[in-house]
S.K.: 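I am attaching a structure below and will ask some questions about it afterwards.
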Amino acid sequence: MKIIAKEVIADCPGAKIVKLVLASAQISQKAQAGQFVVVMVDEKGERIPLTIVDADSQANTITLIFQVVGLTTKLLGALDVGDTLYALVGPLGQATKIKKYGEIILVGGGVGIAEIYPVAKGLKAAGNKVTVILGARTKEALILEKELKSLADKIYLLTDDGSSGEQGFTTVVLEKLLKKDKHDLVYAVGPIPMMKKVSELGLASKIKTIVSLNALMVDATGMCGCCRVRVNGEVKFSCVDGPEFLADQVDWEELEKRNSMYRVKEKHICKLKF
Ligand code: FAD
Ligand code: FES
Ligand code: MG
């Protein structure tokens, strides 16, 4: 759980993104694409889920990439090389089904780019043709561009302000690609409105579309019920049944409501401490 390396990979208004390499022999041996860990920065802190972006079973390390959005990510981002986390649990969640599908489009929005990276890597290694669409607010916040360029067959970059790639939304490019050619799978991680739109486009094109949901989690082992989502009319626990689900089966309105449940409190706590 010791921090072996730290890099601030983006630091611009509205997006501070930090990469941490942590020593964890056990998790690094077991981690698979699509899984996550739960981190506690200190004894009295909350537990937050973060995707395992990379795992090196030779070096016994795992890599996390997170955006500083509130109290816990601020505390985590303030740690340095040599510091130790209070607790680290994982790997958690169902792994991505890595197999040969054919032609795949992966869509990553904001820090969701970090979450599609291990999946893109696994799917490429399984012999799929991989197209990646990345979107961020601005050039500085467009993370892992080099890494994804080197593994993707085709890559599209988009920014809200046009400072890198095209100006606009990932979903506009996705819509064009789905209309133009046949694809076998769409996989998306990003803000809820983006994933919801990707889901509509996948449904309209009758293409299997998978999303990895950022539902609120507490214990992340299926005990508290905090992460419940409605999928195909049934209640599922995102931490143990997910975090991936078929996009067109997700009740997006309910997820949106549940995810904003503590927003006022979160702002309040953040102001108190910093
Ligand atoms: P807060 O101010 O407490 O919250 C800010 C927002 O973060 C909230 O509105 C809510 O949307 C979300 N959030 C807060 N607490 C939780 C929680 N306990 N569980 C889930 N979401 C929460 N973020 C990354 O930057 N990189 C990742 O790789 C990543 N992977 C994730 C994987 C999974 C399976 C899930 C469920 C979430 C992931 N997240 C990731 C989101 C990350 O957990 C939140 O950004 C983090 O918990 C925010 O905590 P905070 O105290 O700094 O912010
Ligand atoms: Fe508690 Fe999933 S986080 S059941
Ligand atoms: Mg918090």
Side-chain angles (χ1 to χ4, degrees), residues 9-10 12 14-19 33-36 49-54 63-69 93 95-96 98 101 103-125 128-178 183 185-202 207-215 242-245 247 250 252:
I9 57 173
C12 56
K16 179 168 181 181
I17 303 177
V18 180
K19 175 173 155 182
Q35 292 187 299
F36 63 95
L50 294 172
T51 301
I52 304 167
V53 177
D54 218 341
T63 302
L64 308 179
I65 294 181
F66 59 93
Q67 182 160 357
V68 175
V69 290
T96 307
I98 300 290
Y101 293 90
E103 302 219 359
I104 296 174
I105 304 179
L106 291 115
V107 188
V111 79
I113 296 173
E115 300 180 52
I116 64 158
Y117 174 67
V119 177
K121 212 168 131 187
L123 290 172
K124 180 66 190 166
N128 293 286
K129 190 172 170 218
V130 169
T131 297
V132 173
I133 310 174
L134 306 182
R137 211 175 289 175
T138 187
K139 186 179 177 1
E140 291 77 24
L142 204 54
I143 57 169
L144 299 177
E145 183 185 329
K146 191 164 64 65
E147 290 82 350
L148 282 158
K149 257 186 188 158
S150 73
L151 72 83
D153 295 282
K154 187 108 185 106
I155 189 160
Y156 296 87
L157 306 177
L158 293 112
T159 46
D160 293 353
D161 60 3
S163 53
S164 183
E166 283 175 52
Q167 183 169 18
F169 295 127
T170 50
T171 45
V172 175
V173 175
L174 177 66
E175 188 167 15
K176 278 190 202 151
L177 295 181
L178 291 180
H183 291 87
L185 179 74
V186 173
Y187 186 100
V189 190
I192 291 176
M194 184 202 92
M195 292 198 284
K196 195 174 159 193
K197 180 71 185 166
V198 168
S199 165
E200 286 162 15
L201 295 173
I207 289 174
K208 182 174 181 176
T209 302
I210 296 173
V211 283
S212 180
L213 300 181
N214 287 356
E244 290 175 4
F245 294 101
V250 173
W252 293 103

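Count residues from 1 along the sequence.
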S.K.: Does the side chain of Glu166 come within less than 4.5 Å of Leu157's, by heavy atoms?
M.R.: no
S.K.: Is there a donor-acceptor contact under 3.5 Å from the side chain of Thr159 to the main chain of Ser164?
M.R.: yes
S.K.: Any side-chain to backbone donor/acceptor pair from Gln35 onto Gly93? Under 3.5 Å, distance only.
M.R.: yes
S.K.: At what distance, to the nearest 0.5 angstrom, does CD1 of Ile104 lie from CD1 of Ile207?
M.R.: 11.5 Å
S.K.: Compare all side-chain heavy atoms of Leu64 with those of Val53 and state whether any distance is below 4.5 angstrom.
M.R.: no
S.K.: Side chain to side chain contact (heavy atoms under 4.5 Å, CB included) for Thr131 and Glu103? Distances and angles first, verdict last.
M.R.: CA-CA 8 Å; Thr131 297; Glu103 302 219 359; 5.9 Å; no
S.K.: Say whether Glu244 and Ser212, considering side chains only, have a donor N or O and an acceptor N or O under 3.5 Å apart.
M.R.: no
S.K.: Given Tyr187 and Val211, is the side chain to side chain contact (heavy atoms under 4.5 Å, CB included) satisfied, shown in steps?
M.R.: CA-CA 6 Å; Tyr187 186 100; Val211 283; over 6 Å; no
S.K.: With heavy-atom distances below 4.5 Å as the criterion, would you say the side chains of Val107 and Ile116 are in contact?
M.R.: no
S.K.: Can you list the steps and then say if Thr63 with Ile52 is a side chain to side chain contact (heavy atoms under 4.5 Å, CB included)?
M.R.: CA-CA 6 Å; Thr63 302; Ile52 304 167; over 6 Å; no
S.K.: Check whether any side-chain heavy atom of Met195 sits under 4.5 Å from a side-chain heavy atom of Trp252, and report yes or no.
M.R.: yes
S.K.: Quick check against the 3.5 Å criterion: does Ser199 have a side-chain atom that pairs as donor or acceptor with the backbone of Ala247?
M.R.: yes
S.K.: Quickly, which of Leu201, Val130, Leu177 forms a side-chain contact (heavy atoms from CB on, under 4.5 Å) with Ile105? Name it, please.
M.R.: Leu177
S.K.: Can you run down the salt bridge (Lys or Arg N to Asp or Glu O under 4.0 Å) pairs that involve residues 187-196, sequence neighbours left out, and say none if there aren't any?
M.R.: Lys196-Glu253
S.K.: Closest approach of Lys19 and Ile9, non-hydrogen atoms and distance?
M.R.: CB-CG2, 4.1 Å
S.K.: Kindly give the heavy-atom pair with the smallest separation between Ile113 and Gly108, and that separation in Å.
M.R.: CG1-O, 3.6 Å
S.K.: Please round to the nearest 0.5 Å and tell me the distance separating atom SG of Cys12 and atom CZ of Arg137.
M.R.: 7.5 Å
S.K.: Within the 4.5 Å heavy-atom criterion, are Ile17 and Phe66 side-chain neighbours or not?
M.R.: no
S.K.: To the nearest 0.5 Å, tell me how far Lys176 NZ sits from Ile133 CD1.
M.R.: 10.5 Å
S.K.: Which atoms form the tightest heavy-atom contact between Ala33 and Ile98, and what is the distance?
M.R.: CB-CD1, 4.3 Å
S.K.: Enumerate the residue pairs fulfilling salt bridge (Lys or Arg N to Asp or Glu O under 4.0 Å) with a member in residues 152-165, sequence neighbours excluded, ordered by first and then second residue.
M.R.: Lys124-Asp153
S.K.: Which heavy atom of Leu142 sits nearest a heavy atom of Ala136, and at what distance?
M.R.: CD1-CB, 3.6 Å
S.K.: State, yes or no, whether a side-chain contact exists between Thr209 and Phe245 at a heavy-atom distance under 4.5 Å.
M.R.: no
S.K.: Any sub-3.5 Å donor-acceptor pair from Asn128's side-chain atoms to Tyr101's backbone N or O?
M.R.: yes
S.K.: Determine, stepwise, if the pair Tyr117 / Leu151 fulfils side chain to side chain contact (heavy atoms under 4.5 Å, CB included).
M.R.: CA-CA 10 Å; Tyr117 174 67; Leu151 72 83; 3.8 Å; yes
S.K.: Are the side chain of Thr170 and the backbone of Leu134 linked by a donor-acceptor contact shorter than 3.5 Å?
M.R.: no
S.K.: Testing the 3.5 Å rule here: is there a donor-acceptor pair between the side chains of Thr138 and Ser163?
M.R.: yes
S.K.: Roughly how far, to the nearest 0.5 Å, is the CZ atom of Phe36 from the OG1 atom of Thr51?
M.R.: 8.0 Å
S.K.: So do the side chains of Val189 and Met194 get within less than 4.5 Å of each other, counting heavy atoms only?
M.R.: no
S.K.: Taking atom CD of Glu147 and atom CG of Leu144, what is their separation to the nearest 0.5 Å?
M.R.: 5.0 Å
S.K.: From Leu174 CG over to Leu158 CG, what is the distance, rounded to the nearest 0.5 angstrom?
M.R.: 11.0 Å
S.K.: Hey, are the side chains of Leu50 and Ile65 touching, using non-hydrogen atoms and a 4.5 Å cut-off?
M.R.: no
S.K.: Within the side chain of Glu115, is there an N or O that forms a donor-acceptor pair under 3.5 Å with the backbone of Asn214?
M.R.: no
